[in-house]
Amino acid sequence: MSKIEVCSEITGSVWKILVKEGDVVEEDDPLMILESMKMEIELAATADGIVNKILVKEEDQIATGDVAVIIDEQ
């Protein structure tokens with residue numbers, strides 16, 4: 001089973017986390033909502049699998065390229 005790192009494509013803050021560790025997700029499912037310059041941007045799963053680890057919490061600052069979620073690919 002490979003681990004997939006889901007990285008932020010923007011610099012901003014974590015507004016809302018939509019999943020929890022252990023949740024089953026499919027590719028393109030929303031994982032969290034990021035906020036930057038008053039815009040809300042979804043961070044989506046890049047593969048089918050199980051959420052292994054969430055590395056941020058709501059209100060954290062996140063930079064482009066930071067790993068936010070690790071998914072165990074199925």
Side-chain angles (χ1 to χ4, degrees):
M1 181 172 2
S2 63
K3 297 196 182 299
I4 305 295
E5 295 180 340
V6 182
C7 301
S8 175
E9 296 178 4
I10 64 161
T11 296
S13 62
V14 179
W15 184 69
K16 185 169 185 147
I17 297 174
L18 305 172
V19 295
K20 60 186 181 304
E21 291 176 5
D23 282 357
V24 175
V25 295
E26 294 182 1
E27 187 173 359
D28 295 326
D29 281 353
L31 303 173
M32 61 184 62
I33 300 172
L34 307 177
E35 188 271 330
S36 179
M37 298 173 33
K38 306 277 186 208
M39 294 176 48
E40 296 175 4
I41 296 101
E42 279 187 358
L43 181 64
T46 54
D48 297 347
I50 299 171
V51 177
N52 174 288
K53 186 79 176 160
I54 299 172
L55 302 173
V56 295
K57 53 188 183 306
E58 291 180 2
E59 299 184 15
D60 278 358
Q61 295 299 307
I62 193 165
T64 302
D66 285 354
V67 178
V69 179
I70 297 173
I71 295 174
D72 289 336
E73 189 176 27
Q74 291 187 325

Which residue pairs pass the side chain to side chain donor-acceptor pair (under 3.5 Å) test with at least one member in residues 38-48, sequence neighbours excluded?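 Of all non-adjacent pairs touching residues 38-48, none passes side chain to side chain donor-acceptor pair (under 3.5 Å).
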Taking transitive links into account, so neighbours of neighbours count too, which hydrophobic residues share a cluster with [X] at under 4.5 Å side-chain distance?
| X | result |
| --- | --- |
| L18 | W15, I33 |
| V24 | I50 |
| I70 | L55, V67 |
| I17 | I4, V6, I10, V14, V19, V25, L31, M32, L34, M39, I41, L43, V51, I54, V56, I62, V69, I71 |

With K16, which residues qualify under salt bridge (charged side-chain N to carboxylate O under 4.0 Å, His left out), at least two apart? none
Please enumerate all residues that pass side-chain hydrogen bond (donor to acceptor under 3.5 Å, both in side chains) together with [X], with sequence neighbours excluded.
| X | result |
| --- | --- |
| K53 | none |
| E73 | S2 |
| K20 | D23 |
| T64 | T11 |

Can you name the side chain to side chain contact (heavy atoms under 4.5 Å, CB included) partners of E9, sequence neighbours left out? none
Taking only residues two or more places apart in sequence, or in another chain, which ones meet S13 in a side chain to side chain contact (heavy atoms under 4.5 Å, CB included)? E35, Q61
